[in-house]
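To start, the structure under review is shown below, and the notes come after it.
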Amino acid sequence: MSNPIEANPGATTAPAPSDFIRDIVAQHVVEKKYPRIHTRFPPEPNGYLHIGHAKSICLNFGIAREFGGTCNLRMDDTNPAKEDVEYVDSITADVNWLIGGWADHCLGLTPAKAPFYASDYFDHIYEFAVALIKKGKAFVCDMTPDQTDEYRRLGKPSPFRDRSVTENLDLFTRMKNGEFPDGAKILRAKIIVDSPNIWLRDPLLYRIKHTDHHHTGSKWCIYPMYDFAHCLSDYIEGITHSICTLEFEVHRPLYDWILENLDLPRALPKQYEFARLSLGYTIMSKRKLMQLVDENLVTGWDDPRMPTISGIRRRGVRPEALRNFAYNIGITKYNGITDVSVLEFAIREDLNKRALRRLAVLRPIKVVITNFAEGKIEELDATNSPEDETAGKRKVPFSRELYIERDDFAEVPPPKFFRLKPGGEVRLKYAYIIKCEEVVKDTSGNITELRCTADLDSKTGGATSARKVKGTIHWVSAPHAVDAEVRLYDRLFTEAEPEKDGRDFKSVLNPKSLEVITAKCEPSLKDAKPTERYQFERMAYFALDLDSQPGKLVFNRTITLKDAWAKESQKK
RNA sequence: UGCCCGAUGGUGUAACGGUAGCACAGCAGACUCUGAAUCUGUUUGUCAUGGUUCAAAUCCAUGUCGGGCAACCA
C-alpha cells in the first residue's frame, strides 16, 4: 500500500491526505487568503519529543510541504524554570531526523540555522504588553496567586483593575527592572471578569520570575505567559495556521482577543485544534516519561522501549515508518486510542522493504550433519533481500556442525508442526534438506545435540533440490558463528491502557520488556553498519545499537516478524 | 458546577443531503527454500429518541455517554 504523500514528493498542491484542517487550508489557498501557508511546530524544551509530537510534526510539516509553504521549528520557551538546552538539542535533532529528506526543505530557520525561539521575541512581546497597557486593556495586579485564583473562579474584578494607565506603565516598567520579588505583581489583560470562559476572566499576561533563561540568560526577570507569547510569536513569524491540540480549544478566544486588540497591520494567524495521539500500551505524558527516566525504570530518554522519538529511533525504526504511521491514523477532533498494531504494521511494512536478510540463531541448539565431511566448508549463496533484487547476494559458510533455533525442533511435535522432529525432514535455508536421526541428551534429560543426515543432492542446483519439504529453517555454521549481544525489547506495559481507572502506570510495567541474550550470527554480520537494517530470517528485524563496539556487536530487536505459528500453536 | 468539544465495525478513519468505503486487527484459503512478504475471500458499524426532507451518518431539537478547561505550566 503506497502512501500518496511519499509517492508524490515534489507536490505543492494538496494530494490525497484529507482531514478537516487540510480542508480549511486548501480553502484558504483557493481564496488566496494568505500570500503563502506558514505553519509551526512549537515544543517547549522541557523534555524529549515523543510519538505524539511526531503526529504533530508530520501534520505541520506535511501541510507546509503539500501547500508549498514553510514550517517553523520554534522553541516555546517562556518558562525558564523548566527548560534546558539539553532538550533544545534533542528536539532539534529529533525533528531533523523525522523530516529529513521529506520536508526539510520546508523548514523555516533563523539565519544561524538554528530553530526559532519564542524567547528571541521577548523585547517585541514586551512592547506589545506596553501597547495593551496604553490602550487601557491591561493592568498590573497586586493580588496573591491564591487571591487571583479565587477572584477568577468567582468572576470578581480585581481591586487593582482600574489603575491608571500611567500607574500601570510605571509598575510594569518596575516589574521589568526587577524591583519586585516573584509573585508580588502580575500583568493582566482587562477583558471580562465574569466571562463563562475562564480564559477571558482577566487572564495573566506577564509574571515575575527571577530565573536565568537557557537562551536569554539573565536579561529578563519577567516572562510572558503561554497565551500572550504564543499568539504573538505566531504573528511575528507570519504564521497563518497555528495548529495545536484540543486542550487549547478554550484558549482560542484569548488567542484572538490579544491579536485583535493590538491593531496589527498584517493578516492574523488563526488557531486550529486536533486530537492528540493516544497509543495502546503506551503513556504519552512528558512528566511521566521523565519519571521513568528519573527512577531508572528505563535506561534513559532514548531507551528503545520509550515512546520518545529518540527511543524509537534507537530501536531501529526509520523515519519513513513513523511518517506513514502518522499518515495512516489521520487527524480528527475525536479522542480515541490508536491500536499499537497500526504502528507495528507501519514499522514492519517499511523494514520488510529495506532490511537485509541475515541468518542468526537466537537460542541455539547444536546440530551435527553426520554424513558431511569433517573439516569441509561450503560457501552457499544467500539472497540479501527478496524485496529488492539490487541488494544482491552474499556467501554463507556451511559445515558439519551447525546451530539451529531451539524452537525449530520438537521431540514431541504438536499438531501442524512442520519444523524438525525425530525422523522428520526440514530444509536448511539456502542449504540441504536434513533428517533428524538421533536426539542426544545429557544426564538430566536436556537435549544437547541433534544428529542429522543431509540429502547431499538437495541444495540449490542439486538433483533433488526441488523436493518439497514442508518446513524451512534458518541456521548458522557453528565454527563460523559470530556472537552478538541481542536485546529483545517488548512493550513497556502489560496493559493496553496503563492508566485506566486511575491506576498507577508503574504498577503495570512489563517485567519482560527487555531480555538480553547472546545470539549466534552468520559471519557477514561482523560488518554490520549502524545505518543498515537487518532481518534475522524468520525471527525479527534488528538494528545495531549505539553501544556496539568494534569486536562487540549489540543488536536491538526493532520488532518481531508476524508469527502465524505462535497463534496456531496456541489454539487448544 | 459552569463553559467548550466530540460520538461511524474490535481499533483508527472516509463519505460534506443521494449505493456506508479504507486501513489495522480477526477469520478462511492460495502461494512460499522466511509459518514473513504477497494474493484471494470474509465476519462486524452510523449513540438514543423525535423532527425537517422524495431521500439523513450528514440538517434541527432533546437526551445519553466520552473528553477537555477552571496552574503566576505549556
Side-chain angles (χ1 to χ4, degrees), chain A residues 1 18-20 23 42-44 46 76-79 81-83 141 143-146 148-149 152-153 155 182-188 195-201 204-209 222-223 225-227 229-230 244-253 273 275 280 286-287 327-346 348-349 352-353 357 359 382-383 386-387 416-419 426-431 433 458-460 465-474 496 535-541 560-569:
Chain A
M1 170 202 38
S18 167
D19 55 66
F20 74 99
D23 287 349
E44 183 187 14
N46 67 346
D76 207 358
D77 54 351
T78 56
N79 183 6
K82 292 184 175 178
E83 297 156 8
C141 179
M143 286 198 293
T144 65
D146 285 347
T148 311
D149 259 12
R152 291 188 74 202
R153 203 166 349 105
D182 289 7
K185 297 202 172 349
I186 193 143
L187 183 73
R188 293 229 249 162
S195 165
N197 183 333
I198 305 285
W199 293 102
L200 260 20
R201 320 244 269 225
L204 285 28
L205 263 26
Y206 253 100
R207 80 282 217 185
I208 300 169
K209 211 180 257 262
I222 57 172
Y223 293 94
M225 300 288 293
Y226 164 83
D227 287 293
H230 203 94
C244 61
T245 43
L246 252 24
E247 68 269 27
F248 294 102
E249 216 162 11
V250 285
H251 294 237
R252 197 190 327 136
E273 311 86 12
K286 268 198 247 181
R287 205 192 89 239
Y327 170 79
N328 286 137
I329 58 177
I331 300 292
T332 63
K333 300 184 78 155
Y334 174 72
N335 279 300
I337 300 174
T338 298
D339 199 302
V340 263
S341 68
V342 181
L343 207 215
E344 294 173 342
F345 173 82
R348 289 194 181 101
E349 185 190 40
N352 176 48
K353 282 182 296 203
R357 309 299 131 121
L359 300 181
T383 304
E387 303 288 324
K416 294 188 187 168
F417 183 84
F418 41 84
R419 279 117 92 143
V426 77
R427 156 140 347 243
L428 296 177
K429 179 105 184 176
Y430 305 125
I433 293 170
S458 63
K459 75 173 175 187
T460 308
S465 67
R467 266 181 65 204
K468 294 290 176 197
V469 272
K470 190 64 181 161
T472 299
I473 64 173
H474 60 283
Q535 181 198 104
F536 293 176
E537 293 214 40
R538 302 206 311 128
M539 301 306 289
Y541 293 101
T560 60
L561 254 36
K562 272 181 74 177
D563 190 352
W565 168 244
K567 227 178 290 174
E568 177 69 34
S569 61

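Any value given below was found using the heavy atoms of this structure, including those in side chains, with hydrogens, waters and symmetry copies removed. For clarity, every value in this text was computed on a predicted model and none was experimentally measured. So you know, we letter chains A, B, ... as the sequences are listed, proteins then strands, and number each from 1.
Counting non-hydrogen atoms under 4.0 angstrom, T460(A) reaches a base of the nucleic acid. The residue Y206(A) sits apart from the nucleic acid: no heavy atom pair falls under 4.0 Å. Contact annotation for H230(A): no contact, since no heavy-atom pair falls under 4.0 Å across all strands. Within 4.0 Å of R419(A), counting heavy atoms only, lies at least one base atom of the nucleic acid. F417(A) comes within contact range of at least one nucleobase, with a heavy-atom separation under 4.0 Å. At a threshold of 4.0 angstrom between heavy atoms, the contacts of T78(A) are confined to the sugar-phosphate backbone, with no base atom among them. Residue contacts for L561(A): at a heavy-atom cut-off of 4.0 Å it reaches a base atom on one of the strands shown. Within the nucleic acid shown, Q535(A) comes within 4.0 Å of at least one base atom, counting heavy atoms only. If you check every strand for non-hydrogen atoms under 4.0 Å, M539(A) touches nothing. Residue E44(A) is in sugar-phosphate contact alone, with no base atom involved, counting any heavy-atom pair closer than 4.0 Å across all strands shown. G336(A) comes within 4.0 angstrom of the backbone, heavy atoms only, and of no base. When heavy atoms are screened at a 4.0 angstrom cut-off, I337(A) is found touching the sugar-phosphate backbone but no base atom. Note on R153(A): nothing from the nucleic acid sits closer than 4.0 angstrom, heavy atoms only. Among the atoms of the strands shown, base atoms are found under 4.0 Å from some heavy atom of P386(A).
Following rounding to the nearest Å, R252(A) (CZ) and A70(B) (P) show an atom-to-atom distance of 16 Å. Rounded to whole angstrom, the span from the CD1 atom of I329(A) across to the P atom of U11(B) amounts to 17 Å. To the nearest angstrom, P of C73(B) lies 6 Å from CG of N79(A). Summarising the geometry, the separation between CZ on R348(A) and C1' on U38(B) is reported as 16 Å, rounded to the nearest angstrom. Here the C1' atom of nucleotide C3(B) and the NE2 atom of H251(A) are 12 Å apart, to the nearest Å. Straight-line distance from the CG atom of L246(A) to the C1' atom of A74(B): 15 Å, rounded to whole Å.
Separation of the C1' atoms belonging to G68(B) and C72(B) is 22 Å when rounded to the nearest angstrom. Only the P atoms considered, A7(B) is 12 Å distant from A15(B), to the nearest whole Å. Separation of the C1' atoms belonging to G21(B) and U46(B) is 13 Å when rounded to the nearest angstrom. The gap from the C1' atom of U43(B) to that of C27(B) amounts to 7 Å, rounded to the nearest Å. Taking atom C1' in both A23(B) and U8(B), one finds a spacing of 15 Å when rounded to whole Å. Only the P atoms considered, A55(B) is 14 Å distant from G18(B), to the nearest whole Å. Comparing G6(B) with C59(B), their P atoms sit 11 Å apart, to the nearest whole Å. Atom C1' of C24(B) sits at a distance of 15 Å from the matching atom of A14(B), rounded to the whole Å.
If P145(A) and S465(A) are placed on RNA chain B by their nearest nucleotide, the residue sitting closer to the 5' end is S465(A). If you find the closest nucleotide of RNA chain B to G471(A) and to P196(A), the one lying nearer the 5' end belongs to P196(A).
A sub-4.0 Å separation between OP1 or OP2 of C73(B) and a side-chain N or O of R207(A) is present. Phosphate proximity of C72(B) to T148(A): absent, as no side-chain N or O sits under 4.0 Å from OP1 or OP2. Between C72(B) and K185(A), no contact under 4.0 Å exists linking OP1 or OP2 to a side-chain N or O. The side chain of K209(A) contributes an N or O atom lying less than 4.0 Å from OP1 or OP2 of C73(B). Neither OP1 nor OP2 of U34(B) sits under 4.0 Å from any side-chain N or O of R357(A). At the phosphate of G26(B), OP1 or OP2 sits under 4.0 Å from a side-chain N or O atom of K567(A).
In this structure, L205(A) and R188(A) have side chains that are not in contact, with every pair of non-hydrogen atoms separated by 4.5 Å or more.
Using cut-offs of 30° and 60° on the angle between ring planes, the pair Y226(A) and H251(A) is perpendicular.
The side chain of D149(A) lies closest to A71(B) when the candidates are C33(B), A71(B), C24(B). Listed nucleotides G68(B), C24(B), A74(B) differ in distance to F248(A); the shortest reach to its side chain belongs to A74(B). With distances taken from any side-chain atom of D563(A) to the nucleotides U11(B), G35(B), C73(B), the minimum falls on G35(B). In this structure, of A71(B), U34(B), A14(B), it is A14(B) that holds the atom nearest to the side chain of D19(A). Residue T338(A) has its side chain nearest to G12(B) when only G12(B), C24(B), C73(B) are considered. You'll find that the side chain of K562(A) is closest to G26(B), out of C72(B), G26(B), U11(B). In this structure, the nucleotide among A36(B), A37(B), G68(B) sitting nearest to the side chain of N352(A) is A37(B). Out of C73(B), C72(B), C5(B), the shortest distance to the side chain of K82(A) is found at C73(B). Comparing atom distances between the T472(A) side chain and each of A74(B), C16(B), U34(B) picks out U34(B) as nearest. Ranking A74(B), A36(B), C72(B) by closeness to the E247(A) side chain, first place goes to A74(B).
Closest non-hydrogen pair, H474(A) versus L359(A), comes out as CB-CD2, 3.8 Å. Scanning both residues, L204(A) and M225(A), for their nearest heavy atoms gives O-CG, 3.4 Å. Taking every heavy atom of both residues into account, R207(A) and T78(A) meet most closely at NH1-O, 3.4 Å. For the pair R357(A) and P386(A), the tightest heavy-atom approach, listed with the atom from each and the gap, is CG-CD, 3.6 Å. Minimum interatomic distance between I433(A) and R467(A) (heavy atoms only, all atoms of both residues): CD1-CB, 3.8 Å.
Between K82(A) and E44(A) there is no salt bridge, since none of the side-chain N atoms of the basic residue sits less than 4.0 Å from a carboxylate O of the acidic one. The existence of a salt bridge linking E344(A) and K562(A) is excluded, since no basic side-chain nitrogen approaches an acidic carboxylate oxygen closer than 4.0 Å.
The aromatic ring centroids of F536(A) and Y541(A) lie 6.0 Å or more from each other.
Stacking of the aromatic ring of W565(A) onto the base of G35(B) is found: the ring centres lie under 5.5 Å apart and the planes are inclined by under 30°.
Judged by distance alone, with hydrogens and angles left aside, R538(A) brings no side-chain donor or acceptor close enough to the base of G35(B) to form a pair under 3.5 Å. Residue N335(A) places no side-chain atom within donor-acceptor reach of the base of C5(B), judged by atom type and a 3.5 Å distance cut-off alone.
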(message) Let's test your reading of the pairing rules: Watson-Crick or G-U wobble, both distances under 3.5 Å, then write RNA chain B as a dot-bracket string with ( ), [ ], | and dots.
(response) (((((((..((((....[..)))).(((((.......)))))....(((((..]....))))))))))))....
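Taking the ring centre of W199(A) as origin, the terminal cationic atom of R152(A) falls inside the region bounded by 6.0 Å and 45° from the ring axis.
Distance check, rounded to the nearest 0.5 Å: OG1 of T332(A) to CG of L246(A) gives 8.5 Å.
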